[in-house]
S.K.: 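Quick one: the structure is below, questions incoming.
For the numbers below, each heavy atom of this structure counts, side chains included, while hydrogens, waters and symmetry mates do not. Everything numeric here is computed off the predicted structure, so don't read it as measured data.
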Amino acid sequence: MAVIADPEAAQGFRLAGLEAYAATSAEEARARLENLVQAGGYALVAVDQGLLPEPEKAVERFMRGKDLPVLLPIAGLKEAFQNPDVEGYMRELVKRTIGFDIKL
């Protein structure tokens with residue numbers, strides 16, 4: 001698994017043990033995603049939707065004939081903390097990811 005996110009979020013993913021790449025613009029995120037798709041070796045690539053809202057369309061040409069990686073748009077830190085109910089937002093993200101509701 002690899003993650004493409006803004007520099008702050010990428011650092012957090014790295015601290016959590018994931019392979020994460022920082023991007024500061026849509027062009028940079030698209031270029032990084034193209035490289036990851038072409039390199040192969042990834043089953044899942046999560047992409048900050050604030051940088052690249054539709055990652056499938058961004059690398060459509062490179063994905064022809066390939067099943068992997070699965071491209072997963074994820075909410076970035078900006079989107080998460082613009083929500084007035086940050087705790088509820090984070091709890092819902094965890095619930096959708098692991099299938100359990102936990103008290104934060």
Side-chain angles (χ1 to χ4, degrees):
M1 177 178 177
V3 179
I4 300 171
D6 63 75
E8 294 83 16
Q11 183 63 29
F13 283 113
R14 280 189 214 104
L15 290 171
L18 295 173
E19 189 172 333
Y21 300 94
T24 56
S25 68
E27 294 77 26
E28 191 177 351
R30 184 178 301 107
R32 175 63 70 180
L33 183 56
E34 286 175 5
N35 290 337
L36 293 175
V37 168
Q38 288 180 332
Y42 297 97
L44 177 68
V45 177
V47 182
D48 181 333
Q49 65 188 9
L51 288 169
L52 212 52
E54 297 180 326
E56 302 87 7
K57 290 188 186 238
V59 291
E60 189 173 33
R61 183 172 60 117
F62 297 101
M63 289 295 294
R64 284 195 188 118
K66 294 182 182 182
D67 294 327
L68 295 175
V70 173
L71 305 178
L72 176 68
I74 58 172
L77 291 176
K78 271 188 207 173
E79 291 82 13
F81 291 106
Q82 285 178 350
N83 188 327
D85 179 19
V86 175
E87 186 175 319
Y89 177 81
M90 297 306 286
R91 188 170 62 240
E92 182 59 30
L93 281 179
V94 170
K95 183 178 178 182
R96 278 189 291 172
T97 302
I98 65 172
F100 295 98
D101 188 13
I102 60 173
K103 185 162 177 77
L104 301 175

S.K.: Do you know which two heavy atoms are closest between A43 and L68, and how far apart they sit?
M.R.: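 Of all heavy-atom pairs spanning A43 and L68, the closest is O-CD2, 3.7 Å.
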
S.K.: So which heavy atom on A29 is nearest to which on L51, and how close?
M.R.: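 That would be CB-CB, 4.1 Å.
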
S.K.: Return the CZ to CE distance between F13 and M1, rounded to the nearest 0.5 Å.
M.R.: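 Taking CZ in F13 and CE in M1, the distance rounds to 6.5 Å.
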
S.K.: Could you walk me through whether D6 and D48 satisfy the side chain to side chain contact (heavy atoms under 4.5 Å, CB included) test, starting with their C-alpha distance in whole Å, then the side-chain angles of each, then the deciding distance to 0.1 Å, before giving a yes or no?
M.R.: CA-CA 7 Å; D6 63 75; D48 181 333; 3.4 Å; yes

S.K.: So how far is it from L52 CG to I74 CD1, rounded to the nearest 0.5 Å?
M.R.: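 Going from CG on L52 over to CD1 on I74, the span is 11.5 Å.
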
S.K.: Write down the atom of A22, the atom of P7, and the distance for their closest heavy-atom approach.
M.R.: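 Smallest interatomic distance, heavy atoms only, reads CB-CA, 3.8 Å.
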
S.K.: Could you give the distance from CG (L71) to CG (L33), rounded to the nearest 0.5 Å?
M.R.: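 If I round to the nearest 0.5 Å, the distance is 5.5 Å.
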
S.K.: In Å, rounded to the nearest 0.5 Å, how long is the span from CE of M63 to CD of E60?
M.R.: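 Rounded to the nearest 0.5 Å, the CE-CD separation comes to 10.0 Å.
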
S.K.: Taking all heavy atoms of A10 and all of A20, pick out the closest pair and write down the distance.
M.R.: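 The pair with the smallest heavy-atom distance is O-CB, 3.4 Å.
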
S.K.: Drop me the distance from E19's CD to L36's CG, to the nearest 0.5 angstrom.
M.R.: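 Rounded to the nearest 0.5 Å, the CD-CG separation comes out at 7.5 Å.
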
S.K.: Search all heavy atoms of E56 against all heavy atoms of P73 and return the closest pair with its distance.
M.R.: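 Minimum heavy-atom contact is OE2-CD, 4.2 Å.
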
S.K.: Calculate, to the nearest 0.5 Å, the distance between atoms NZ and CD belonging to K66 and Q38 respectively.
M.R.: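 K66 atom NZ to Q38 atom CD measures 6.5 Å (nearest 0.5 Å).
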
S.K.: Report the C-alpha separation of N35 and Y21 in whole Å, then their side-chain angles, then the decisive distance to 0.1 Å, and conclude whether the side chain to side chain contact (heavy atoms under 4.5 Å, CB included) test is met.
M.R.: CA-CA 11 Å; N35 290 337; Y21 300 94; over 6 Å; no

S.K.: Do you know which two heavy atoms are closest between Q49 and A75, and how far apart they sit?
M.R.: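 That closest heavy-atom pairing would be NE2-CA, 3.8 Å.
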
